[in-house]
Number of protein chains: 2
Amino acid sequence: MHLTRFTDYSLRVLIYLAVKGEERSTITEIAETFDISRNHLMKVVQELGHKGYITAIRGKNGGLLLNRTPESIGLGQLVRDMEHELSLVECFRDHNDCIITPACRLKPILNEALAAFLAVLDDYTLADMLGQRQPHLARLMQIPTAEK
Amino acid sequence: MHLTRFTDYSLRVLIYLAVKGEERSTITEIAETFDISRNHLMKVVQELGHKGYITAIRGKNGGLLLNRTPESIGLGQLVRDMEHELSLVECFRDHNDCIITPACRLKPILNEALAAFLAVLDDYTLADMLGQRQPHLARLMQIPTAEK
DNA sequence: TTTAAATAGTATTTTACATGCATGTTTGTG
DNA sequence: CACAAACATGCATGTAAAATACTATTTAAA
């Protein structure tokens, strides 16, 4: 059971932007910080933009900004938005060949478990991901601290 | 987020054996019933045997039997046993390059969510998967009903 | 001793995911 | 206006995990 890197990278982007604060960040900068594929990151950013989490400003001196406060970004919603396939087993999907589905209690049980999983994440926001640790995170990501 | 077919098939095998009851079932029979790869099913059965869920009897007239009562087979344990990789994101794995791990709260939060997921499954057993539906399941799997 | 079954190991194929590349579009700056 | 810096988009390719296939071996009943 895995989340995709897509979701993982989404979280990293949001953390980065939150720590960076007012200042714009670029995709290149984030890709280099985490040493991950710039191309892949572009698509992550694109979708984060479409879903309203961030604002992407084109053109020279463009970049990315958080579009919502860290407190308002729930992790449950984020996972639901970014993890495209939340179908745990075959009988969750459109194409299902399992012959016992009509009588099988597996799907409702797994649905309940999935709901519990997401409910925990609903208790946390991006702000909780930072907490007191913002300075430590800033150091790790080599973001010059805001106070200048 | 998916469970592997390996885990899915494990559940199907256990359901089949539970409905079949005292009588032995063969891998071929189960593979044909669900129209899935016999070869893949072999490995599932092998591991279910190693983990003590079922007994495999070799030789002519051999076959498979449940080794424990349906009531004693918890779904949480089954998923923990059969789903080899329960590492949700990179920072759960041995090889982790994410530079913010030391300050990042993601891992503990996801761990809590995973625990909630498994806790729900711990509330159910193989017996709950059958319930009153045993006759319906038997029909769907084309198992002649026990009373003869 | 033949046959039907599980067991085991290896190889191949599939597929979702990730990555790369080329090109387009937008926008600030000189 | 031209350029450069940034995101946007579509298509092609790579890759690793999972699934499947193949082949041989072991076991035990008839």
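First the proteins, then the strands, lettered A, B, ... as listed; each starts at 1. Everything numeric here is computed off the predicted structure, so don't read it as measured data.
- How far CZ of B:Phe34 is from CD1 of B:Ile15: 6.5 Å, rounded to the nearest 0.5 Å.
- Summarising the geometry, the separation between CG on A:Leu65 and P on D:dA6 is reported as 14 Å, rounded to the nearest angstrom.
- As a whole-Å value, the separation of B:Leu64 CG from C:dA5 P is 11 Å.
- Among C:dA8, D:dA19, D:dA8, the nucleotide with an atom closest to any side-chain atom of B:Arg5 is D:dA19.
- The side chain of A:Tyr9 lies closest to C:dT19 when the candidates are D:dA18, C:dT7, C:dT19.
- Both A:Met1 and A:Gln46 lie near DNA chain D, and the one whose nearest nucleotide falls closer to the 5' end is A:Gln46.
- At a threshold of 4.0 angstrom between heavy atoms, the contacts of B:His50 are confined to the sugar-phosphate backbone, with no base atom among them.
- For A:Met42, whose side chain is taken as the heavy atoms from C-beta onward, the closest listed nucleotide among D:dA8, C:dT7, C:dC17 is D:dA8.
- Within the 4.5 Å cutoff, side-chain heavy atoms of B:Leu14 are placed close to those of B:Ile54.
- Note on B:Gly63: only backbone sugar-phosphate atoms sit closer than 4.0 angstrom, heavy atoms only; bases stay farther off.
- The base of C:dT10 lies close enough to the side chain of B:Lys43 for a donor and an acceptor atom to sit less than 3.5 Å apart.
- Taking the nucleotide of DNA chain C with the nearest heavy atom to each of B:Gly59 and A:Leu3, the more 5' of the two is matched to B:Gly59.
- Place A:His2 and A:Asn39 on DNA chain D by their nearest nucleotides, and A:Asn39 ends up nearer the 5' end.
- Counting heavy atoms of neighbouring residues, nucleotides and ligands inside a 6.0 Å radius, atom CD of B:Glu71 exceeds 12 of them.
- For A:Arg38 and A:Glu85, each mapped to the nucleotide of DNA chain C holding its nearest heavy atom, the one lying further toward the 5' end belongs to A:Glu85.
- Backbone-only contact: B:Asn61 has heavy atoms under 4.0 Å from sugar-phosphate atoms and none from a base.
- Side-chain proximity of A:Thr26 to C:dA6, C:dT27, D:dA6: nearest is D:dA6.
- The line from CZ of A:Arg38 to CD of A:Glu32 is 9.0 Å long, rounded to the nearest 0.5 Å.
- For the atom pair CG (B:Leu78) and OH (B:Tyr53), the distance works out to 4.5 Å, reported to the nearest 0.5 Å.
- Side-chain atoms of A:Arg58 come within donor-acceptor range of the base of C:dT25, with a qualifying N/O pair under 3.5 Å.
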